[in-house]
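Below: one structure, written as structure tokens.
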Amino acid sequence: MKKVLLLSAVASTMIMAGGYIQPVAPVETPAMTPVAVETSGWDFSGNAKVYLQTDDNHGLGSLFDQGPSGDTNGSTLGDAGVSIKAENKDIFAGIGAGVRLNGLTSLGLEYDVVSNVMQSPNGGIEGGWISEGYLTYGIANTSVKFGRQELPKALSPFAYSEDWNVFANTFDALLVVNTDLPETALVGAWVYRNNSNGQSANMGSFTESNGKDNGIFMFTAQNKSVENLTLTGSVYYGSKFLTKNDLTIAWGDVAYAMGDYGVAVQGG
């Protein structure tokens with residue numbers, strides 16, 4: 001992608017003579033040739049967070065209670081983190097890529113303020129991990145995304161990225177989205193590995209979603225043909241789920257928006 005930067009210069013001078021200010025004719029300068037500036041096509045983004053959580057835990061702790069020294073079961077947890085992402089939607093021939101790096105630190109809060117961290121990178125208190133690393137490709141109304149990525153709850157209700165914690169959990173997956181049908185999105189996914197997003201979860205550790213080389217298959221159809229009405233249906237299938245029996249999950253969602261209010265029915 002090229003952007004053209006047009007440069008121009010305007011010069012004028014004033015001189016003082018005989019007590020009067022007299023304008024001098026503008027000095028003619030040669031026209032400047034437009035300069036083509038190459039841009040990389042990469043978009044960079046990021047954020048920084050300081051996260052603190054506390055609760056009274058039904059009498060087992062009190063608000064902002066750190067607990068005894070070395071006690072990781074107190075009522076107050078905390079973390080600080082930085083996230084940086086780089087994404088290019090068309091590196092060459094329509095192939096794009098994206099990568100996100102997350103870093104967490106306790107800032108030493110565990111000594112004086114909190115009893116434990118909210119998230120644990122690679123089993124420790126401080127560290128980093130690659131939370132996203134994927135390739136994309138699009139043709140007509142079909143897009144493909146392969147690699148470590150976030151999955152949206154609206155299209156994957158039983159395997160999605162939760163953003164309530166410091167950083168969202170992600171998945172190693174293949175995601176295909178098609179929008180050929182009017183007001184309809186058809187989504188297919190194969191989810192191979194994931195990391196959890198619970199309290200003090202090890203965010204840098206990705207485990208198999210359904211045993212070795214099995215993965216979980218998902219198909220979702222979402223339609224918005226009727227104004228303010230969203231219909232969503234999903235089916236998940238895992239063969240020998242967790243080395244046991246096959247797993248099949250069916251889920252339906254009907255949501256209707258009415259101004260500032262809404263009505264929804266869900267079931268599965």
Verify side chain to side chain contact (heavy atoms under 4.5 Å, CB included) between T220 and M218, making sure each step is shown before the conclusion. CA-CA 7 Å; T220 292; M218 182 207 73; 3.7 Å; yes

With side chain to side chain contact (heavy atoms under 4.5 Å, CB included) as the criterion, how do I249 and V235 come out once you've worked through the C-alpha distance, each side chain's angles and the decisive distance to 0.1 Å? CA-CA 6 Å; I249 298 177; V235 177; over 6 Å; no

Set out, in order, the CA-CA distance, both residues' side-chain angles and the distance that settles side chain to side chain contact (heavy atoms under 4.5 Å, CB included) for I139 and V144, then state yes or no. CA-CA 9 Å; I139 179 171; V144 179; over 6 Å; no

Between Q222 and T232, does a side chain to side chain donor-acceptor pair (under 3.5 Å) hold up when you go through it step by step? CA-CA 4 Å; Q222 186 175 84; T232 306; 3.0 Å; yes

What verdict does the side chain to side chain contact (heavy atoms under 4.5 Å, CB included) test give for S115 and L77, after you've listed the backbone C-alpha separation in whole Å, the side-chain angles of each residue and the deciding distance to 0.1 Å? CA-CA 6 Å; S115 53; L77 310 175; 4.0 Å; yes

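The nearest pair of heavy atoms linking S225 to P182 is OG-O, 4.0 Å. When all heavy atoms are compared, the tightest approach of L151 to S156 is CD1-OG, 4.3 Å. Between A48 and V82, the shortest heavy-atom distance links the atoms CB-CG2, 4.2 Å. Between N122 and N202, the shortest heavy-atom contact is N-OD1, 2.8 Å. Nearest heavy atom pair, residue V113 against residue T76, reads O-CG2, 3.9 Å. Between A97 and I91 the shortest heavy-atom distance is CB-CD1, 3.6 Å.
The shortest side-chain heavy-atom distance between F167 and S131 does not fall under the 4.5 Å cut-off.
Summarising the geometry, atom CE belonging to M118 is positioned 5.5 Å from atom CD belonging to Q199; distances are rounded to the nearest 0.5 Å. For the atom pair CD (Q149) and CD (E132), the distance works out to 8.0 Å, reported to the nearest 0.5 Å. The structure places CD1 of I216 at 5.0 Å from CG of N210, a figure rounded to the nearest 0.5 Å. Residue L181 holds its CG atom at 5.5 Å from CG of L186, rounded to the nearest 0.5 Å. Considering CG of N165 and CG of N197, their distance stands at 4.5 Å, rounded to 0.5 Å. The line from CH2 of W190 to CZ of F217 is 7.0 Å long, rounded to the nearest 0.5 Å.
Heavy-atom neighbours of I130 CD1 from other residues, nucleotides or ligands within 6.0 Å: at or below the threshold of 12. No more than 12 heavy-atom neighbours from other residues, nucleotides or ligands sit within 6.0 angstrom of NZ on K89. Residue-environment remark: NZ (K85) exceeds the threshold of 12 foreign heavy atoms within 6.0 Å.
A donor-acceptor pair is defined here as one N or O able to donate and one able to accept, closer than 3.5 Å; such a pair exists between the side chain of N195 and the backbone of M203. When atom types are taken as modelled, the side chain of S106 and the backbone of I125 share no donor-acceptor pair closer than 3.5 angstrom. Looking at D79, its side chain never comes within 3.5 Å of a backbone N or O of V117 through a donor-acceptor pair.
With hydrogens and angles left out, the side-chain atoms of E126 and T105 include a donor and acceptor closer than 3.5 Å. Between the side chains of N169 and S161, not a single donor N or O lies within less than 3.5 Å of an accepting N or O. D246 and S239 share no donor-acceptor pair across their side chains, judged by distance under 3.5 Å alone. In the model, S83 has a side-chain atom that pairs as donor or acceptor with a side-chain atom of N102 under 3.5 Å. Side-chain contact of Y134 with E87: a donor-acceptor pair under 3.5 Å is present, judged by distance alone.
V187 and F219 sit in two unconnected hydrophobic clusters of ILVMFWY residues. Membership requires side-chain heavy atoms under 4.5 Å apart, directly or through other members. The hydrophobic cluster containing L155 also contains F158, counting ILVMFWY residues as joined when their side-chain heavy atoms lie under 4.5 angstrom apart, directly or transitively. Grouping the Ile, Leu, Val, Met, Phe, Trp and Tyr side chains by contacts below 4.5 angstrom, directly or via other members, places L175 apart from F146. Note on L229: it clusters hydrophobically with M258, by side-chain heavy-atom contacts below 4.5 Å among ILVMFWY residues. Placement of I84 and L104 in two distinct hydrophobic clusters is found when ILVMFWY residues are connected by side-chain heavy-atom separations under 4.5 Å, directly or transitively.
Residue pairs that meet the side chain to side chain donor-acceptor pair (under 3.5 Å) test with at least one member in residues 255-268, sequence neighbours left out, are D253-Q266.
For the pair R148 and F206, the cation sits on the ring face: its NZ or CZ lies under 6.0 Å from the ring centre, inside 45° of the axis.
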